[in-house]
S.K.: 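Okay, handing you the structure first.
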Amino acid sequence: MRKILIVNGHLVMGGAEKLVYELAVFARKNNIVPTVLIVDNYAREYYDPIFKQKKIKVVRTRLSIIRNFRAPLRMLRSMYWSFRLKYFADRLYDSVHVIGLHNIYRAKDFINHSNRFYWHVTNAAQGAYNYPESYFDNPKDTVVCINQCQENELDSHYGNSVFKCKRALFPLFLND
Amino acid sequence: MINLNVISRISKDKNFFPDLLKTLYLLKNNGINDVHILFIGTVYSPNVYQNIIDTASRLNVSSNIAFTEKSIPMNELSDEIKSGYFINFTIGEFTGYSGLESIKNGFKTVFYNIDKSLKNEHANLIAYCHTLDELTALIINISREQAFINKEITACNQEMLNRFVLNSTRKQQLLSMMLPKH
């Protein structure tokens, strides 16, 4: 069975979370098993029951190890996922999709995979680009823009030479 | 009464709300006082929230705005709210998921461009407002010939929705991103 991992920081009622949903549903429709990984956030949010109903697995954990002896189960689970994704992500998943450039820091050093896709879901008008250039230094990674304006913004802010990673444009979509 | 709804969390990265208050002000100057804006969304930034209230007070439109102060799924909105116009912020022609969902729910959805550098890049569609003046003009037109404008907005919205359904090429592109080794 083919598998993908989708990484985000929330499952609240929002556009980025809707993209998580549409990607997961698309995967399922095409016989790909999606796992939604929510990092550093244990709250139960809007899409949790929706994914549960659709039998889409949601994992909430940390990838950076924090010793938390007051919550030993969470700590053990975090150690398990950190180990899994650091050393075996390539074997476990066909691709990893990180939603939002602001979430790259949650994944880049913790999920080692040769097909990581960073979905860019905001525009310059919503706030200055303050992402380090190192986010874009891996030739195996791909930054996915969802509109042409973002591509122009990235070029004018960073300059094309900063991007050692691949770049793609894939506009937002609806499954049905 | 013309009811405008804005579905958005009240936060810094979405803070294009004062423009809408200016629209209310301009409408009042044109003798149109019965336009009401409901902001539907959780307050993430008390500063942004307070700024909306202060700006509304300064422009003398406080009685024309209200807040839910929490996010509400579109299908759970009351029929009265659903029958209003949903203002969605866009970047040039780019529409986020809230706009698409709004159309999918059958709401009359109006798009307002918030990136001033892109004000000339919209297609000439009735539901797209490039500037504050265009948004104001659209609401004036709604107040004059509501039934006709409603029909035009709905037709425009439906045409837009078709662009977001995956065709076979885009479907293959997405599949090759999910399964890159094949």
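Throughout, protein chains are lettered first and strands after them, A, B, ... in sequence-line order, and every chain is numbered starting at 1.
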S.K.: Short question: side chain of B:Arg170, backbone of A:Pro171 - any donor-acceptor pair under 3.5 Å?
M.R.: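 Yes, B:Arg170 side chain to A:Pro171 backbone: donor-acceptor pair under 3.5 Å.
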S.K.: State, with a plain yes or no, whether a side-chain heavy atom of B:Ser71 is found less than 4.5 Å away from one of A:Tyr46.
M.R.: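 They are not in contact (no side-chain heavy atoms under 4.5 Å apart), so the answer is no.
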S.K.: What part of B:Arg9 gets within 4.5 angstrom of chain A, counting heavy atoms only: side chain, backbone, both, or neither?
M.R.: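 Interface part for B:Arg9: neither.
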S.K.: Heavy-atom cut-off 4.5 Å, strictly under: side chain, backbone, both or neither for B:Phe89 against chain A?
M.R.: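 Interface part for B:Phe89: neither.
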S.K.: Pick one of side chain, backbone, both or neither for B:Ser98, based on which atoms fall under 4.5 Å of a heavy atom in chain A.
M.R.: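 B:Ser98 has no heavy atom closer than 4.5 Å to chain A.
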S.K.: Against chain B, work out which of A:Thr122, A:Thr142, A:Leu19 has the most heavy-atom pairs shorter than 4.5 Å and name it.
M.R.: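 Max contact count across the listed options: A:Leu19.
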S.K.: Taking side chain as everything from C-beta outward and backbone as N, CA, C, O, which of these in A:Gln148 sits under 4.5 Å from a heavy atom of chain B? Side chain, backbone, both or neither.
M.R.: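 Interface part for A:Gln148: neither.
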S.K.: Could you walk me through whether A:Gln150 and B:Phe94 pass the side chain to side chain contact (heavy atoms under 4.5 Å, CB included) test, one step at a time?
M.R.: CA-CA 10 Å; A:Gln150 293 173 318; B:Phe94 169 69; 5.9 Å; no
S.K.: Checking A:Val12 against chain B: side chain, backbone, both or neither under 4.5 Å from a heavy atom?
M.R.: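 The side chain, not the backbone.
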S.K.: Relative to chain A, which segment of B:Thr95 carries a heavy atom at a distance below 4.5 Å: side chain, backbone, both, or neither?
M.R.: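 When you check distances to chain A, only backbone atoms of B:Thr95 fall under 4.5 Å.
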S.K.: Measure distances from B:Lys171 to the heavy atoms of chain A and classify the residue's part below 4.5 Å as side chain, backbone, both or neither.
M.R.: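 Both backbone and side chain of B:Lys171 come within 4.5 Å of chain A.
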S.K.: Below 4.5 Å from any heavy atom of chain A, which atoms of B:Leu161 appear? Answer side chain, backbone, both or neither.
M.R.: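 For B:Leu161, the side chain is the part near chain A, not the backbone.
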S.K.: What part of A:Leu174 gets closer than 4.5 Å to chain B, counting heavy atoms only: side chain, backbone, both or neither?
M.R.: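 Both parts, heavy atoms under 4.5 Å.
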